[in-house]
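These notes are about the structure you will find just below.
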There are 2 protein chains.
Amino acid sequence: MAVTLADVAARAGVSAATVSRVLSGNYPVAGATRSRVLRAVEELEYVVNGPASSLAAASSDLVGVLVNDIADPFFGIMASAVQSEMEPEKAGGKLAVVCNTGGSPQRELTYLTLLQRQRAAAVVLTGSAVEDPEHAEALSARLRRLAAAGTRVVLCGRPPLPEADGDGDDGGTGDGGKGIPGGGAPLTVAFDNRGGARRLTGHLLALGHRRIGYVAGPAERTTTRHRLEGHRAALADHGRDHGHDLLAEAARLTVHGAYDRSSGYDGTLELLRREPGLTAVLAANDTVALGVCAALREAGLSIPGDVSVAGFDDLPFSADASPALTTVRIPLHDAGARAGRLALGRESAPPGGVATVRTELMVRASTAAPRANRPVPQAG
Amino acid sequence: MAVTLADVAARAGVSAATVSRVLSGNYPVAGATRSRVLRAVEELEYVVNGPASSLAAASSDLVGVLVNDIADPFFGIMASAVQSEMEPEKAGGKLAVVCNTGGSPQRELTYLTLLQRQRAAAVVLTGSAVEDPEHAEALSARLRRLAAAGTRVVLCGRPPLPEADGDGDDGGTGDGGKGIPGGGAPLTVAFDNRGGARRLTGHLLALGHRRIGYVAGPAERTTTRHRLEGHRAALADHGRDHGHDLLAEAARLTVHGAYDRSSGYDGTLELLRREPGLTAVLAANDTVALGVCAALREAGLSIPGDVSVAGFDDLPFSADASPALTTVRIPLHDAGARAGRLALGRESAPPGGVATVRTELMVRASTAAPRANRPVPQAG
DNA sequence: CCTGGGATAGAAAGCGCTTTCTAAAGCGAG
DNA sequence: CTCGCTTTAGAAAGCGCTTTCTATCCCAGG
């Protein structure tokens, strides 16, 4: 039913081989022949049969992008950046397949199989990893095998895979995909979540805050752990410098939730119950921060007058919230673009296979020095 | 290098045909044989070669989803819903390919070719269409040909394609893809933008607003036109009932921009210049509304005290903006899910091939009755 | 005028799978 | 017991393309 190579060949009065060569363009074809073929292609409205060509050439132009939640701009921005690197104009029509894993390691594996089945040229995994050792192990093994088989594997916004064997102290192999053609080992574009969180908490401490609540993300995710570590590191710094141990309180002032608004809302209520005298609340990310703000306001507290609030990520809406949110900016677009280039092999692998992108503290209106006396809401 | 069907067959001591039958499951295979094959598949970690299977079966399990901007939650939500309908558990591992067209008709066509090349099983086009007759014509023809060739084509959030021929008054053929197997004609899930805008403007008029500015979207998009038509219809309704012609002013109080925050900001500045006495501003969508609010605040006007603001879409952040945004809710998730089911043929085509989803007016804090005397900002 | 080599194009062998078409059993009925 | 049917499995022919491997053709050099 569909027009095939043979049809074009017949029309142009050449062999199928010649048509193929004209279209792929990596073999000399005489000018006259070429234009005759091209005309036939035009006239017949011929469109290459992708599967057939992938089969014969043993390669495809699909690139998988795994995201936790495509409706979340955090992932949307990264996915968009990855895809912008393979615009038809730039990369000869690679197709990005965006897969919504919902953050489930199980689904992640399933999609990986699906992509492997399509013989995807590369796979980009975004979003934080789950720390469950069993899944982590299965995923690492899987990714490493995929990479070894020639599929480019890039992790974006999650920590590098643990070392495969016992050798090699700490990710310093230095041959991030040099040896084996087409990759060989998974590459990573990591975010400096620890440093960002540390600076953010440092900012709050510098303003004079001492009772800082933390509505953290899901306990089992690496991103959550890293941000929490940065937070505590800042607390520890402060204790060291001022002989005032804030770390002891940290656990009591931390609650965990999901990366959504209602977690921020519920978490804040819980924090207020535990410590009505809070002067600042840190949120797992900006979306959570919105929920934090809502809960605070309902409790009759003003921001930043009574309580300061800060988020993480700096999504587009963060600057528009009111008050504008103090947050840690993650250059999602740059990170995604870089991951995309790495996935296409258009950028050489970073040393050790790991590139870390900087995060930046964005101080805005939602944080200010704490007031001496502020109204204390009635406990729930 | 990779494990093939033949390897599995050899290991299981059966023919390749049998293995294929076990895996596709649409042919009887004796229980003992089946489990022997399954075990071999396990042991060899066999993964089907998608391209080969697509080639042989002349079908693929890719579904294309075209979006204007994947980083925008409006599209993210729809894409997510489409994809949720083809979870591996539900639809046997269909893969959604999300393509970012940036709203360019040119890129839309390019991606369509890419998808066609992959022999995609279906294509879902989201986002408003461009009204440029030339492109519209090219796109319609293309989609119709695709559909006729067996690819399911679903439009989501854009108006149905114009009738192909001169016959048929107004999209009432009633055989939305019944005749030809696998579709035949493009299907549509349309939004009631006109009705929504009409109700929204009605709400403002009922509150007592008479000088209503409109920061509309790009002039050439259908969505923009429909919302504008609804707006003007409400204005006309009012004139008819109260003998007070607001329509004459409408053009002067309308400015066009893109669907982004800065358009809202700039547009509002321009509107304020044209009519410092505005008491309400309607925005093309919620993102634009954020920019409108920012500009208003900078001009020293309070919301809704001095000026009411309303948006469109009801994205997740809209309820959290402050003040919470009055807006017209579009059930994006439902619409996307429906489009997904239509694309997979899991839901029968609606009468006439067009399903319209209802929009709902969400009245929140950003709109209120106008004040008798309000400060008038200095013109820029 | 002959010959070696570069440029160009065709023939044909797959790529790994699906799917007829065909064959071999296994079984109840006559 | 034999016949004819159902059930199950293998053989083999492609699906449409890429890519060697070859075969021309043409021209410069001898």
Side-chain angles (χ1 to χ4, degrees), chain A residues 1-38 40-41 44-62 92-93 114 116-121 149-150, chain B residues 1-38 40-41 44-62 92-93 114 116-121 149-150:
Chain A
M1 190 200 69
V3 180
T4 73
L5 240 208
D7 299 335
V8 176
R11 172 123 193 173
V14 299
S15 71
T18 301
V19 177
S20 173
R21 296 200 259 248
V22 167
L23 294 179
S24 67
N26 42 216
Y27 192 90
V29 173
T33 314
R34 140 170 282 109
S35 52
R36 208 146 25 99
V37 168
L38 256 18
V41 167
L44 263 28
E45 298 187 319
Y46 171 66
V47 175
V48 180
N49 181 316
S53 126
S54 291
L55 173 58
S59 75
S60 94
D61 35 37
L62 254 37
L114 245 33
Q116 193 178 348
R117 167 181 310 182
Q118 298 298 335
R119 300 300 188 257
Chain B
M1 190 198 70
V3 180
T4 72
L5 238 207
D7 300 334
V8 176
R11 172 122 192 176
V14 299
S15 72
T18 300
V19 177
S20 172
R21 296 201 260 248
V22 168
L23 295 178
S24 68
N26 41 217
Y27 193 89
V29 174
T33 315
R34 141 170 280 109
S35 51
R36 209 149 22 102
V37 168
L38 256 16
V41 167
L44 263 29
E45 297 187 321
Y46 172 67
V47 176
V48 181
N49 181 316
S53 126
S54 291
L55 173 58
S59 74
S60 94
D61 35 38
L62 253 39
L114 246 33
Q116 192 180 348
R117 165 181 311 183
Q118 298 297 335
R119 299 301 188 255

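A, B, ... follow the sequence lines: proteins, then strands. Residue 1 opens every chain.
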What one should report as the nearest heavy-atom pair of A/Ala121 and A/Ser60 is CB-O, 3.5 Å
Below 4.5 Å, heavy atoms only, C-beta onward: do B/Val22 and B/Val14 meet side chain to side chain?
-> no
Does any non-hydrogen side-chain atom of A/Arg119 lie less than 4.5 Å from one of B/Pro51?
-> yes
Has the side chain of B/Tyr27 got a donor or acceptor that lies under 3.5 Å from a partner of the other kind on the base of D/dA9?
-> yes
Which residues within residues 5-21 of chain B lie with some heavy atom under 4.0 Å of an atom in DNA chain C?
-> B/Leu5, B/Ala17, B/Ser20, B/Arg21
Going by heavy atoms closer than 4.0 Å, what residues in residues 50-62 of chain A are next to DNA chain C?
-> A/Leu55, A/Ala56
Euclidean distance, atom CZ of residue B/Arg34 to atom C1' of D/dT7 [Å, nearest integer] | 14 Å
Where is the tightest heavy-atom contact between A/Tyr46 and A/Leu23, given as atom of each residue plus distance?
-> CE2-CD1, 3.6 Å
Of the non-hydrogen atoms in A/Ala2 and A/Asp7, which two are nearest, and what is the gap between them?
-> O-OD2, 4.0 Å
Atom pair CD/OG of B/Gln118 and A/Ser54 - distance to nearest 0.5 Å | 6.0 Å
Approximate separation, where rounding is to 0.5 Å, of B/Ser15 OG and B/Arg21 CZ = 6.0 Å
From the list B/Val3, B/Leu5, B/Val8, side chain to side chain contact (heavy atoms under 4.5 Å, CB included) with B/Val41 holds only for B/Val8
On DNA chain C, check which nucleotide each of B/Asn49 and B/Asn26 is closest to and give me the residue with the more 5' one.
-> B/Asn49
